[in-house]
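Notes for the one structure printed next.
Proteins come first, then strands; the chains are lettered A, B, ... in the order of their sequence lines, and each starts at number 1.
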Protein chains: 2
Amino acid sequence: MRALANFTTAEIERAKRYASAIPPADLDPRIGALVNELIGRVADKWTMMILETLAEQGELRFTRLSEFVKGISQKMLTQTLRNMERDGLVICTVHPVVPPKVEYRLTGLGLRLGSAFCGVWVWAAENLDHVEKARQLFDGKAKAGS
Amino acid sequence: MRALANFTTAEIERAKRYASAIPPADLDPRIGALVNELIGRVADKWTMMILETLAEQGELRFTRLSEFVKGISQKMLTQTLRNMERDGLVICTVHPVVPPKVEYRLTGLGLRLGSAFCGVWVWAAENLDHVEKARQLFDGKAKAGS
DNA sequence: TCCGACACTCTCTTTCAAGTAACTATAGCA
DNA sequence: TGCTATAGTTACTTGAAAGAGAGTGTCGGA
């Protein structure tokens with residue numbers, strides 16, 4: 001698939017305008033689908049946490065990374081890192097020494113994704129209590145209604 | 001729609017500062033955990049697609065919404081909408097007529113989340129081909145290595 | 001009388017993502 | 001000789017999410 005073949009600069013500009021306003025409306029729906037697929041891959045728990053950690057810490061070794069990302073198993077860490085590497089979000093540098101030394105850091109792509117997610121992060125941080133309240137209200141109503 | 005009702009200028013400024021730098025690092029780690037939980041809930045495929053659709057279309061009825069969000073089952077649509085309602089992202093208005101008429105639209109919270117995600121959306125749109133290339137490269141190397 | 005529209009709701013089945021825990025290779029060290 | 005550290009595999013198990021598809025209630029219209 002040649003993803004962005006017919007995705008013009010004008011369309012990207014439009015996307016940017018929308019981003020500052022609200023709706024990413026009438027773009028080619030095929031692009032929408034591709035984007036959704038990409039977001040689906042990239043927006044999982046561990047990817048986001050690794051992204052965050054590497055954005056904060058810079059370069060990290062495997063074990064150190066696993067310490068920062070609390071609760072992750074070696075398996076999940078390897079798996080997620082491999083996927084991120086495949087998608088061009090991280091680079092892994094292998095030093096051929098023993099015991100092995102492998103360092104991970106974000107690429108430009110990864111860094112930019114990190115700051116894109118920052119908007120969501122900020123939203124979440126600022127609206128945590130709104131959401132909390134909404135939930136209580138909702139649950140209260142549900143209980144009252146039953 | 002009075003989206004930005006209780007979103008102060010100060011908060012917006014703070015958000016912008018966070019977004020332009022990189023790490024939302026040094027906040028209370030408990031907040032980090034909560035935020036991650038919230039993002040985990042909010043960042044799933046259907047939620048994002050519904051968010052997008054409602055941001056574009058404004059107010060929609062159940063069946064119409066299910067037409068826009070391609071591939072979603074009634075079950076998933078109901079389930080996702082209930083969760084979004086619970087989190088204060090959508091409001092559902094029930095008109096007590098027969099046949100039933102229920103309309104869904106985003107709240108201010110939902111709209112703001114939508115535009116927060118927009119950054120990710122734009123990232124995805126702009127970097128689809130980078131990711132595609134990275135994958136081909138990676139898969140090529142993997143094949144060559146094996 | 002039966003159908004269709006609408007917005008669900010329920011059950012059943014399958015799938016797949018994620019966790020656990022043990023195993024690998026290698027060199028230096030005691 | 002066995003132990004440790006490092007960066008992973010591999011096999012097995014489990015739980016939760018998702019899809020399919022039928023059922024529900026109500027009313028107006030043919």
Side-chain angles (χ1 to χ4, degrees), chain A residues 33 36-51 53-54 57 59-87 90-105 138 141-142 145-146, chain B residues 33 36-51 53-54 57 59-87 90-105 138 141-142 145-146:
Chain A
N36 270 320
E37 186 245 312
L38 188 51
I39 288 178
R41 247 156 232 249
V42 130
D44 82 306
K45 185 177 150 195
W46 295 129
T47 304
M48 299 225 341
M49 292 177 73
I50 291 174
L51 208 61
T53 306
L54 287 180
Q57 306 293 328
E59 198 163 30
L60 286 176
R61 299 181 61 176
F62 187 86
T63 307
R64 200 119 167 69
L65 192 49
S66 76
E67 286 160 9
F68 275 107
V69 182
K70 290 185 213 336
I72 197 168
S73 65
Q74 288 191 322
K75 176 188 148 189
M76 273 295 108
L77 184 53
T78 321
Q79 208 172 93
T80 312
L81 281 171
R82 280 299 94 73
N83 283 333
M84 292 175 77
E85 206 190 335
R86 181 166 122 87
D87 288 346
V90 302
I91 305 176
C92 111
T93 320
V94 183
H95 304 266
V97 297
V98 57
K101 180 173 181 181
V102 183
E103 282 176 320
Y104 294 93
R105 65 187 162 84
F138 186 91
K141 266 194 281 186
S146 69
Chain B
N36 269 321
E37 186 244 311
L38 188 51
I39 288 179
R41 246 156 233 250
V42 129
D44 82 305
K45 185 178 151 192
W46 297 129
T47 303
M48 301 229 337
M49 291 178 74
I50 291 173
L51 207 62
T53 306
L54 287 180
Q57 306 293 329
E59 197 163 29
L60 285 176
R61 301 181 59 176
F62 187 86
T63 307
R64 200 121 168 69
L65 191 51
S66 76
E67 286 160 11
F68 275 107
V69 182
K70 292 187 214 331
I72 197 169
S73 67
Q74 288 192 323
K75 177 187 147 187
M76 272 298 108
L77 183 53
T78 318
Q79 207 174 98
T80 312
L81 281 172
R82 279 301 91 74
N83 283 333
M84 291 175 77
E85 207 190 333
R86 183 167 120 85
D87 289 346
V90 302
I91 304 177
C92 108
T93 319
V94 182
H95 302 268
V97 297
V98 55
K101 181 173 179 182
V102 183
E103 283 177 321
Y104 295 92
R105 66 188 162 82
F138 186 90
K141 265 193 283 185
S146 70

Could you check how far [atom1] of [X] sits from [atom2] of [N], rounded to whole Å?
| X | N | atom1 | atom2 | answer |
| --- | --- | --- | --- | --- |
| L77(A) | dG19(C) | CG | C1' | 14 Å |
| D44(A) | dC16(C) | CG | P | 17 Å |
| I72(A) | dT20(C) | CD1 | C1' | 15 Å |
| M49(B) | dA18(D) | CE | C1' | 15 Å |
| K101(B) | dC8(C) | NZ | P | 14 Å |
| M76(B) | dA7(C) | CE | C1' | 16 Å |
| N83(B) | dA17(D) | CG | C1' | 12 Å |
| Q79(A) | dT20(C) | CD | C1' | 14 Å |

Between [X] and [N], is there a side-chain N or O to OP1/OP2 distance below 4.0 Å?
| X | N | answer |
| --- | --- | --- |
| R64(A) | dA7(D) | no |
| T63(A) | dA7(D) | yes |
| R61(A) | dT6(D) | no |

Nearest heavy-atom pair of [X] and [Y]: which atoms, and what distance?
| X | Y | answer |
| --- | --- | --- |
| L77(A) | F62(A) | CD2-O, 3.7 Å |
| V42(B) | M48(B) | O-CG, 4.3 Å |
| C92(B) | V102(B) | SG-CG1, 4.0 Å |

Worksheet item: Could you walk me through whether E59(B) and T93(B) pass the side chain to side chain contact (heavy atoms under 4.5 Å, CB included) check?
Response: CA-CA 10 Å; E59(B) 197 163 29; T93(B) 319; 4.1 Å; yes
Discussion item. Checking K101(B) now: which residues fulfil side chain to side chain contact (heavy atoms under 4.5 Å, CB included) with it, not counting sequence neighbours?
Written reply: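 Only R61(B), H95(B), V97(B), E103(B) meet the side chain to side chain contact (heavy atoms under 4.5 Å, CB included) criterion with K101(B).
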Discussion item. Just checking R64(B): does its CZ atom have more than 12 heavy atoms from other residues, nucleotides or ligands closer to it than 6.0 angstrom?
Written reply: no
Worksheet entry | Worked verdict on Y104(B) versus I50(B) for side chain to side chain contact (heavy atoms under 4.5 Å, CB included) | CA-CA 10 Å; Y104(B) 295 92; I50(B) 291 173; over 6 Å; no
Worksheet item: Can you tell if the side chain of D87(A) reaches within under 4.5 Å of the side chain of T47(A), non-hydrogen atoms only?
Response: no
Practice prompt. Find out whether L65(B) and L81(B) are in side-chain contact, i.e. whether some heavy atom of one side chain is under 4.5 Å from a heavy atom of the other.
Written response: yes
Worksheet entry | Degree of bending, the helix from dT1(C)-dA30(D) to dA30(C)-dT1(D) (end axes from five pairs; round to 10°) | 40°
Practice prompt. Quick one, give me the B/S/- string for nucleotides 21-30 of chain D, reading 5' to 3', where B means a protein heavy atom under 4.0 Å from the base and S means that only happens at the primed atoms, P, OP1 or OP2.
Written response: ----BBS---
